[in-house]
Protein chains: 2
Amino acid sequence: MTFSIATIAAANVATPPMPAPQPRTAGTVTGRCAGCSARSKGLCGALAAGDLPDLSTTSRPLDLLSATPVVMEGEEADAVFTVMSGMLKLYKTLPDGRQQITGFATAGDVIGLTVGTGYAYTAETVTASTVCRMPRTALRRLMERHPAVQGRLLAMTSVELLAAQDQILLLGCKTAVERVSSFLLALSRRSRPLADGTPSVFLPMPKVDIGAYLGLRPETLSRVLRKLEVAGAITRLTNDRIRIEDPVALEAAA
Amino acid sequence: MTFSIATIAAANVATPPMPAPQPRTAGTVTGRCAGCSARSKGLCGALAAGDLPDLSTTSRPLDLLSATPVVMEGEEADAVFTVMSGMLKLYKTLPDGRQQITGFATAGDVIGLTVGTGYAYTAETVTASTVCRMPRTALRRLMERHPAVQGRLLAMTSVELLAAQDQILLLGCKTAVERVSSFLLALSRRSRPLADGTPSVFLPMPKVDIGAYLGLRPETLSRVLRKLEVAGAITRLTNDRIRIEDPVALEAAA
DNA sequence: GACCCGCCCTGATCTGGATCAACCGTACCC
DNA sequence: GGGTACGGTTGATCCAGATCAGGGCGGGTC
């Protein structure tokens, strides 16, 4: 039986870099958020520097090993999490165990938002990650005190909705080759090119997870990647990095 | 060539009940929104009765025939529409013409919301419908004047996101029988049962549209409905109405 | 009335991706 | 080192749903 850290905060937390619970001295606490790498992203970007104490007193960073559940579908949603580093997968599960990954979360993404009382999906780290936990009550208070937070929340939710509708189009209409090509292109737009300028994508998650995101079996994904490689559209540098050789060809395939 | 009424307001508007542009007499205008059947839903539900003039002066109802486009994917998003009656389909189109319906909109739903400058999908009536048009600038002003509107917007967007994620699960994992069963159950939860108390669903849209929503061909949909009928789970009363005979069996199939 | 057209249904066949099975390379552990 | 477990790849086969084809029916028009 696994428990999510939403309810059992001590589970699966990496030992060395976890900061011990800090006293609420304003100085220390403001400094923590001020130096945060995700400071300008997520919900926190909606706040001015002067408002940081409101964040620091309620939020707490957590360093997590890979394969650690953060929130569990259906569990009571008592906190939201901002990803500071690493990558998580978000997925839904059918009663018989089939899983559909609805998205991957990286730095700046906020997970655990919900309209009801329970989380809508399970979130689990795919690499070692750092997330920042904020209780739901604190988020509510933050929204009341800072209307800009609500606006940011609306903008983020709208962007997620757009992405979800694109995914619906992908799953409902596209072939395996089109799905993989679309996926690689979408990732390459969000990542830095290699030193020589050619675009590349980093795939830290296992192939079975990419398949579960695209509605494909890992065998099919493997075959499609090989086909794209033979066609000269991509090169597989390592198991977790692909170089895009011909973005135009990929675009045509997507 | 078709044009959406977002840009050409006079096209495809039904002749008789279309109210002529009204003078801005506060009385008339407040009355229009006060008597609106969608008054408590959509964005308008976030406003108190005293604030109705803010709505009435900027919104305008439109009666539309079936198969009328309201917004077109990619077109400049200069207005949002609240559905007052009827039904619309929302869909995305691939370059080669394949279409994926992302949802159906009924009374109270708001269409045309977007984060960017262009609409994210095409919306088209499937039955004769009445929608209420509000320019985007008016919505922006309304949000500034009434913070509750923004909250309502956030709630509505979040609910849509949940629905989109459920649809991703459906398209990514489920079989044809599971998709159709899930669809019928979801609809039956939102509709009134028949006079004798048994639940039923109303399907005014053509079968090809239901298929495009569920990621199935119409032939497959037809076969699945027949199979469910033979199994005793449903009865097809007319072409556009189905009675749910055995909700438990449907639940099991979904 | 006769005709047409769009929607729906049903049967026959095809196929893209799933499934089943085997193998390989790498990481980890004793 | 050897053993083992896991992720990834490849090949062979299968099948759910797509595609192709034909026919029925109801509504609209002349």
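Note on naming: letters A, B, ... go to the chains in the order of the sequence lines (proteins, then strands), and numbering restarts at 1 for each one.
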Answer yes or no: does atom CZ of B:R226 have more than 12 heavy-atom neighbours from other residues, nucleotides or ligands under 6.0 Å?
no
So, for A:E73 and A:T93, which heavy atoms are closest and what is the spacing to 0.1 Å?
OE1-N, 3.1 Å
Tell me if the centroids of the rings in A:F183 and A:Y213 come within less than 6.0 Å of each other.
yes
Counting primed atoms, P, OP1 and OP2 as sugar-phosphate and everything else as base, the B/S/- map of nucleotides 10-24 of chain C against protein heavy atoms under 4.0 Å is BBB----SSBB----
When you check the gap from the basic side-chain N to the acidic O, do B:D109 and B:K41 get nearer than 4.0 Å?
no
Rounded to the nearest angstrom, tell me the gap between atom CG in B:L228 and atom P in C:dC9.
13 Å
Cut-off 3.5 Å, side chains only: do B:T175 and B:E178 have a donor facing an acceptor?
yes
Below 4.0 angstrom from OP1 or OP2 of D:dG26, is there any side-chain N or O of B:N239?
no
Quick one: A:D209 CG to D:dC6 P, roughly how many Å, whole number?
15 Å
Using whole Å, report how far CG of B:L171 lies from C1' of D:dA16.
16 Å
Calculate the interatomic distance between A:M205 atom CE and D:dC6 atom C1'; express it in whole Å.
19 Å
For B:E76 and B:Y119, does a side-chain donor sit closer than 3.5 Å to a side-chain acceptor?
no
Return the value, rounded to whole Å, for the distance between atom NZ of B:K207 and atom C1' of D:dG24.
16 Å
Over how many whole Å does the gap from B:D240 atom CG to C:dC8 atom C1' extend?
13 Å
